[in-house]
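FYI, the numbering just counts along the sequence from 1. What you see is a predicted model, and the numbers here were worked out from it, not measured in a lab.
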Amino acid sequence: MARLPRLYFPGCAQHVIQRGNNRTVYRYIELNPVRARMVSHASEYPWSSYQSNAAGKSINLLTPHTLYLRLGDTDAERQEAYTSLFRGTMPERVLTAIRDTTNKGWVLGNDRFKAQIEARTGRRTTPLGRGGDRRSGAYRENKDQLL
């Protein structure tokens with residue numbers, strides 16, 4: 001079966017993220033070099049925005065994101081708020097959700113958000129269930145919904 005093209009919205013990457021999940025995705029991105037054991041802390045990775053966002057290092061190529069600017073009224077408040085995002089570990093289910101969203105072109109968000117995107121695009125935003133006995137009565141009754 002051919003893969004469906006990924007969802008595309010002008011101005012967005014190849015996936016759609018519900019507001020409220022952005023901080024989680026920031027954290028995911030900043031911690032990638034740590035998970036890959038390239039460094040022991042996000043601040044050690046030279047290409048990370050963590051150095052600017054959490055430590056206040058001036059990086060000419062970096063423009064602060066609007067969501068970052070909303071973390072506080074002053075640089076110190078924003079840096080403290082950003083640093084607090086990195087306390088503790090990310091649950092495996094969150095890592096899996098972000099990876100699936102990115103790698104498979106799905107939507108990251110709650111069920112209501114996914115339903116809204118489906119209604120606007122006419123496309124599924126999550127994968128269909130797999131498996132099952134194709135000879136069963138339940139499968140035959142629901143096969144039109146599965147296709």
Side-chain angles (χ1 to χ4, degrees), residues 1-55 59 61-73 77-147:
M1 180 174 153
R3 284 182 58 174
L4 293 172
R6 293 178 183 240
L7 290 171
Y8 175 73
F9 291 93
C12 292
Q14 293 183 350
H15 51 276
V16 179
I17 302 171
Q18 179 182 14
R19 287 186 183 141
N21 288 314
N22 293 311
R23 290 180 187 173
T24 303
V25 174
Y26 282 158
R27 190 172 170 209
Y28 173 85
I29 292 168
E30 298 278 26
L31 291 174
N32 268 336
V34 177
R35 279 190 299 278
R37 295 191 171 105
M38 297 166 65
V39 294
S40 60
H41 191 272
S43 63
E44 298 169 7
Y45 189 64
W47 300 106
S48 173
S49 60
Y50 185 93
Q51 294 177 16
S52 176
N53 293 338
I59 300 174
L61 297 174
L62 182 65
T63 302
H65 193 280
T66 305
L67 293 174
Y68 173 76
L69 295 173
R70 290 183 190 157
L71 290 176
D73 294 328
E77 287 176 2
R78 287 188 288 271
Q79 290 165 12
E80 175 56 36
Y82 197 80
T83 301
S84 72
L85 295 174
F86 296 86
R87 294 188 182 119
T89 58
M90 294 184 77
E92 190 61 36
R93 65 177 175 72
V94 173
L95 295 172
T96 300
I98 294 172
R99 288 174 184 147
D100 286 349
T101 298
T102 304
N103 296 332
K104 298 176 182 177
W106 297 117
V107 172
L108 181 63
N110 62 30
D111 291 339
R112 181 173 175 234
F113 178 72
K114 291 175 184 179
Q116 290 171 340
I117 297 297
E118 283 185 9
R120 290 183 72 183
T121 64
R123 296 259 329 268
R124 286 190 311 271
T125 59
T126 56
L128 293 173
R130 293 184 176 251
D133 181 0
R134 294 182 181 265
R135 295 181 194 162
S136 72
Y139 173 82
R140 287 195 300 270
E141 289 174 16
N142 295 312
K143 73 177 180 179
D144 292 333
Q145 295 173 357
L146 299 173
L147 301 176

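To the nearest 0.5 Å, atom CG of residue Leu31 and atom NE2 of residue His41 are 8.0 Å apart. Interatomic distance, CG of Leu108 versus CD1 of Ile117, reported as 11.5 Å (0.5 Å rounding). Taking OH of Tyr26 as the reference point, atom CG of Leu71 lies at 8.0 Å (rounded to 0.5 Å).
Nearest heavy-atom pair, Thr101 versus Ala97, reported as atom, atom and distance to 0.1 Å: OG1-O, 2.8 Å. Shortest non-hydrogen contact noted between Val107 and Lys114 is O-CE, 3.3 Å. Closest non-hydrogen pair, Leu95 versus Tyr28, comes out as CD2-CD1, 3.6 Å.
Looking at Arg27 and Val94, their side chains never come closer than 4.5 Å, going by heavy atoms from C-beta outward.
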Sequence neighbours left out, cut at 3.5 Å: what donor-acceptor pairs do the side chains of residues 46-54 make with other protein atoms?
residue : atom : partner : partner atom : Å
Ser48   : OG   : Glu30   : OE1          : 2.4
Ser48   : OG   : Tyr50   : N            : 2.9
Ser49   : OG   : Glu30   : OE2          : 2.6
Ser49   : OG   : Asn53   : ND2          : 3.4
Gln51   : OE1  : Lys57   : NZ           : 3.1
Gln51   : NE2  : Ser43   : O            : 3.2
Gln51   : NE2  : Tyr45   : O            : 3.0
Ser52   : OG   : Lys57   : O            : 3.3

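With sequence neighbours excluded, the residues forming a ring pair (Phe, Tyr, Trp, His ring centres under 6.0 Å) with Tyr68 are Tyr82, listed by chain and number. In this view, Asn32 and Arg35 satisfy the side chain to side chain donor-acceptor pair (under 3.5 Å) rule, not counting sequence neighbours. Looking at residues two or more places apart in sequence or on another chain, you find a side chain to side chain donor-acceptor pair (under 3.5 Å) between Glu118 and Thr125. Residues passing the side chain to side chain donor-acceptor pair (under 3.5 Å) test with Gln79, sequence neighbours excluded: none. For Arg37, the side-chain contact (heavy atoms from CB on, under 4.5 Å) test picks out no residue, with sequence neighbours left out. Annotation: salt bridge (Lys or Arg N to Asp or Glu O under 4.0 Å) contacts of Arg78 (sequence neighbours excluded): Asp75. Remark: Ser40 pairs with Glu44 by the side chain to side chain donor-acceptor pair (under 3.5 Å) rule, at least two apart or across chains. Residues meeting the side-chain contact (heavy atoms from CB on, under 4.5 Å) test with Ile29, sequence neighbours left out: Val25. For Glu80, the salt bridge (Lys or Arg N to Asp or Glu O under 4.0 Å) partners are Arg87, not counting sequence neighbours.
Counting only residues at least two apart or in different chains, salt bridge (charged side-chain N to carboxylate O under 4.0 Å, His left out) contacts with residues 92-102 comprise Glu92-Arg99, Asp100-Lys104.
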- Query: What do the steps show when you test Val39 against Val34 for side chain to side chain contact (heavy atoms under 4.5 Å, CB included), and what is the final call?
  - Reply: CA-CA 5 Å; Val39 294; Val34 177; 4.0 Å; yes
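Within 6.0 Å of the CG atom in Leu69, the count of heavy atoms belonging to other residues, nucleotides or ligands exceeds 12.
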